[in-house]
Protein chains: 2
Amino acid sequence: MATIMDVAKLSGLSKTTVSRVINNHAYVSEEKRMLVLKAMEELDYYPNPAARRLRGQLTTTIGVIIPKITNPFFAYLVDAIEQTAYEKGYQVMIFQSNEDPVKELSFLSLLKTKQVDGIIMTAIENEWEKIEPFLAYGPIVLCNEYMNEPAVPVIKMDQFKGTYMGVKHLIERGHQKIAYCTGGLFAEEGKDRDRNRGYQKALEEAGITVNPNWVFVDRHTIEDGKQVLKKIMKMENRPTAVFTGSDEIAAGMMAEATELGIRIPEEIAIIGFDDQPLAALLTPKLTTVRQPVDQMGQKAAEVIIEQLQDETVAICQYELPIEVIIRHST
Amino acid sequence: MATIMDVAKLSGLSKTTVSRVINNHAYVSEEKRMLVLKAMEELDYYPNPAARRLRGQLTTTIGVIIPKITNPFFAYLVDAIEQTAYEKGYQVMIFQSNEDPVKELSFLSLLKTKQVDGIIMTAIENEWEKIEPFLAYGPIVLCNEYMNEPAVPVIKMDQFKGTYMGVKHLIERGHQKIAYCTGGLFAEEGKDRDRNRGYQKALEEAGITVNPNWVFVDRHTIEDGKQVLKKIMKMENRPTAVFTGSDEIAAGMMAEATELGIRIPEEIAIIGFDDQPLAALLTPKLTTVRQPVDQMGQKAAEVIIEQLQDETVAICQYELPIEVIIRHST
DNA sequence: TTGTATGCGTTATCAG
DNA sequence: CTGATAACGCATACAA
């Protein structure tokens with residue numbers, strides 16, 4: 001590995017001058033700049049990131065914290081971020097928290113030693129009070145999650161509206177008994193709070209009251225979906241439609257329904273969330289709420305890079321549109 | 001961030017001694033060791049990886065190069081690797097090559113500056129001659145790919161057998177006209193060569209000759225699958241079964257078949273590859289060749305860590321079992 | 001406009 | 001058994 005010293009020697013100049021051209025400083029004569037550039041080329045020189053980090057420099061590295069890469073939603077999100085970052089000359093490091101707050105904190109602390117210049121968080125496992133101090137070491141951007149304090153840039157989707165529209169679609173189809181399945185809790189605050197409100201609002205407007213028996217919390221996987229469907233089918237008074245928190249859950253429900261010989265949407269209508277490729281492959285094709293995951297990833301990358309390049313840039317919130325894709329499961 | 005110097009001061013010892021206890025060197029009295037440990041604890045000290053890297057030290061970081069994270073096969077593979085590595089105290093960095101040889105090389109060169117201690121490659125985009133030199137900087141483990149030279153550890157699955165068994169299953173079901181769909185080329189060497197051989201062997205044993213019109217190369221996506229099915233359906237003399245290179249392709253074919261009102265498996269039987277969660281969600285459920293991706297990822301992580309911890313360890317090849325999961329699409 | 005000297009946090013070498 | 005010192009590669013304050 002060629003070092004800055006090698007370049008200096010070959011070009012007959014000092015380390016300092018070489019460093020200056022690397023970092024595009026002013027006060028370098030065009031003539032010497034060329035000399036340096038030529039030497040760099042010749043030696044295939046590339047600055048050692050470890051040395052830069054040790055100096056506390058930025059290194060065009062951004063970290064992305066995700067709960068789980070096997071969740072397609074996050075895989076696509078990461079892909080979009082990576083794509084955009086790469087085009088702008090940034091590398092991304094992917095960290096799986098597995099929803100473990102301790103891991104999340106340990107990833108955040110990578111900022112301290114400049115292992116990463118900034119971090120995009122796509123979920124939040126800790127109290128904001130625990131996360132906030134890390135801002136001193138580098139920018140944090142929230143993507144797909146948000147806090148009420150406007151201390152950091154946020155890129156999110158209008159989950160309230162998405163859910164509202166999804167449930168409304170069900171109502172328009174004539175359903176009155178609509179179950180609700182969420183990855184979070186059915187609470188005023190915390191995860192999926194906006195979705196919860198969207199569900200409630202839509203029902204309320206139609207003069208329907210929430211039936212707590214039909215609210216399923218903390219459901220994530222295909223297996224969860226299967227269980228939920230089984231549960232529903234055992235109920236005496238059962239819903240005719242269900243709004244789910246992800247296409248996976250919806251897929252699990254559909255698989256179980258097929259197993260049990262229950263017809264969709266005739267006996268039970270199902271709507272998903274995300275619009276993953278999977279959705280269009282199911283039979284019947286799944287009606288779902290599309291999240292513009294590519295746009296979101298792209299925006300998140302753009303915003304954090306902007307923060308990195310210009311510390312004074314304003315802190316904004318971005319809300320991306322969301323839409324219901326009507327197929328054949330409702 | 002506390003540094004080694006802070007620890008030294010607090011414990012009343014020198015940097016050197018502190019460094020010695022960090023690295024478990026011999027020749028440190030139990031008494032001072034305790035002093036140091038206590039100070040480290042108190043200051044929440046953690047060695048700066050950048051400094052270590054600069055010194056050319058190992059840093060318990062392993063890199064994984066994958067083509068594309070949105071491909072569920074690789075998402076699950078990465079997840080398994082990450083899980084295993086984490087348990088053993090290693091972090092993993094994920095790099096997407098997007099099948100770009102240049103990117104692959106740039107990731108490999110991270111070894112030079114010890115950004116990563118070792119690399120697991122899950123695909124190979126360059127000639128081995130280009131990759132081989134990087135071995136001088138750290139171990140490389142091949143996972144899901146292999147070269148004929150035994151210079152590096154390899155963890156692979158018996159793709160030959162998997163394909164052979166899959167095609168044989170089709171033959172046992174009475175099919176004689178069996179199409180073949182691969183992500184690589186239908187060549188003696190290169191990507192998917194073992195699968196090609198498995199297909200040929202199974203046909204040969206049954207006295208069937210390969211029909212080149214029924215061989216589809218370089219197919220990867222759901223969309224590709226749809227196209228292939230359309231093509232097949234337009235043929236005058238068309239196959240009654242098709243062996244596909246991935247569950248995605250199979251899913252695409254099935255979706256298109258449903259669209260066209262073609263019954264599976266009656267009119268055309270389809271077998272997938274991978275056994276992704278998706279496979280059991282399709283209608284009919286997809287018969288597929290299961291790849292033990294979790295085991296493979298785990299083994300890959302174990303092997304590279306072994307290499308890292310003991311340079312003299314033997315270079316082995318591991319071949320994992322593979323099986324046909326018979327469901328309802330064949 | 002250019003160069004010298006210093007320090008970032010570690011570990012290795014060598015002397016005590 | 002312990003400690004001072006140099007070196008890893010780079011960027012900056014300061015000098016020239």
Side-chain angles (χ1 to χ4, degrees), chain A residues 1-37 39-40 43-61 109-117 137-138 308, chain B residues 1-37 39-40 43-61 109-117 137-138 308:
Chain A
M1 284 265 74
T3 76
I4 201 172
M5 199 53 209
D6 299 325
V7 178
K9 275 184 195 145
L10 184 60
S11 59
L13 295 162
S14 73
K15 294 196 295 182
T16 311
T17 305
V18 175
S19 175
R20 283 199 180 99
V21 349
I22 292 169
N23 297 286
N24 282 315
H25 275 215
Y27 304 126
V28 178
S29 69
E30 199 51 33
E31 176 199 4
K32 315 239 156 154
R33 153 172 267 106
M34 284 309 165
L35 242 39
V36 171
L37 257 19
M40 281 171 50
L43 293 166
D44 190 27
Y45 167 80
Y46 200 73
N48 183 326
R52 291 191 138 175
R53 280 195 252 271
L54 191 53
R55 290 274 318 171
Q57 292 280 122
L58 262 33
T59 51
T60 62
T61 310
S109 70
L110 262 24
L111 279 173
K112 291 187 184 174
T113 51
K114 289 287 174 234
Q115 301 297 105
V116 294
D117 299 335
Y137 304 101
L308 253 14
Chain B
M1 283 265 74
T3 77
I4 201 172
M5 200 53 210
D6 298 325
V7 178
K9 274 184 197 147
L10 184 60
S11 59
L13 295 164
S14 72
K15 296 195 294 182
T16 312
T17 304
V18 175
S19 176
R20 282 200 182 98
V21 349
I22 292 169
N23 298 285
N24 282 315
H25 275 215
Y27 306 125
V28 178
S29 68
E30 199 51 33
E31 177 199 5
K32 316 239 156 154
R33 152 173 267 104
M34 284 307 163
L35 242 39
V36 171
L37 257 19
M40 280 170 51
L43 293 167
D44 190 28
Y45 166 80
Y46 202 73
N48 183 326
R52 289 190 140 175
R53 279 195 253 271
L54 191 54
R55 291 278 319 175
Q57 291 281 122
L58 262 33
T59 50
T60 63
T61 310
S109 70
L110 262 25
L111 279 173
K112 292 188 184 175
T113 52
K114 288 288 173 234
Q115 300 298 107
V116 295
D117 300 336
Y137 304 102
L308 253 14

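Every chain is numbered from 1 and lettered A, B, ... according to where its sequence line falls, protein lines coming before strand lines.
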Can you check nucleotides 14-16 of chain C for protein contacts, nitrogen or oxygen pairs under 3.5 Å, and list what you find?
none

- Query: Does Lys32(B) reach the main-chain N or O of Ser11(B) with its side chain, forming a donor-acceptor pair under 3.5 Å?
  - Reply: no
- Message: Tell me the interatomic distance from Tyr27(A), atom OH, to dA11(D), atom C1', rounded to whole angstroms.
- Response: 18 Å
- Item | Close approaches to DNA chain D from residues 1-16 of chain A, in residue order (heavy atom, under 4.0 Å) | Thr3(A), Ile4(A), Lys15(A), Thr16(A)
- Message: Rounding to 10°, can you tell me the angle the first-five-pair axis of the helix from dT1(C)-dA16(D) to dG16(C)-dC1(D) makes with its last-five-pair axis?
- Response: 50°
- Hits for side-chain contact (heavy atoms from CB on, under 4.5 Å) against Thr113(A), two or more places apart or cross-chain, chain-then-number order -> Gln115(A), Met1(B), Asn48(B), Pro49(B)
- Task: Measure from CE on Met40(B) to P on dT10(C) and round the result to the nearest Å.
- Result: 10 Å
- Task: Would you please name every residue forming a side-chain contact (heavy atoms from CB on, under 4.5 Å) with Ser19(B), sequence neighbours left out?
- Result: Ile4(B), Asn23(B)
- Roughly how far, to the nearest 0.5 Å, is the CZ atom of Arg20(A) from the NZ atom of Lys15(A)? 12.5 Å
- Query: OP1 or OP2 of dC10(D) sitting under 4.0 Å from any side-chain N/O of Tyr46(A)?
  - Reply: no
- Task: State the CG-CD distance between Leu35(B) and Glu30(B), to the nearest 0.5 angstrom.
- Result: 11.5 Å
- Message: When you compare the side chain of Arg53(B) with that of Leu58(B), does any pair of heavy atoms fall below 4.5 Å?
- Response: no
- Which parts of residues 52-60 of chain B get close to DNA chain C, meaning a heavy atom less than 4.0 angstrom away? Arg52(B), Arg55(B), Gln57(B)
- Base, sugar-phosphate, or nothing: which does Ser29(B) touch, judged by heavy atoms less than 4.0 Å apart? sugar-phosphate
- Could you state the CG-C1' distance from Asn48(B) to dT11(C), rounded to the nearest angstrom? 13 Å
- Under the side chain to side chain donor-acceptor pair (under 3.5 Å) test, residues paired with Asp117(A) that sit two or more places apart: Thr59(A)
- Donor-acceptor under 3.5 Å (Lys114(B) side chain, Gly138(B) main chain): no
- Residues forming a side-chain contact (heavy atoms from CB on, under 4.5 Å) with Glu31(A), sequence neighbours excluded: Ser29(A)
- Message: Tell me whether the side-chain N/O atoms of Thr17(B) come closer than 4.0 Å to OP1 or OP2 in dG3(D).
- Response: yes
- Query: By side chain to side chain donor-acceptor pair (under 3.5 Å), which residues pair with Ser14(A), not counting sequence neighbours?
  - Reply: Thr17(A)
- Message: Walk me through whether Asn24(B) and Arg33(B) qualify under side-chain contact (heavy atoms from CB on, under 4.5 Å).
- Response: CA-CA 10 Å; Asn24(B) 282 315; Arg33(B) 152 173 267 104; 3.9 Å; yes
- Item | Interface residues of residues 30-37 of chain A with DNA chain D (non-hydrogen, below 4.0 angstrom) | none
- Length of the NE2-P vector between His25(A) and dG3(C), whole Å: 15 Å
- Whole-Å distance, Tyr137(A) OH to dC8(C) C1', equals 16 Å
- Message: Between Ile22(B) and Met40(B), is there a side-chain heavy-atom distance shorter than 4.5 Å?
- Response: yes
- Message: Taking side chain to side chain contact (heavy atoms under 4.5 Å, CB included) as the criterion, tell me which of Val7(B), Thr3(B), Asp6(B) meets it with Val18(B).
- Response: Val7(B)
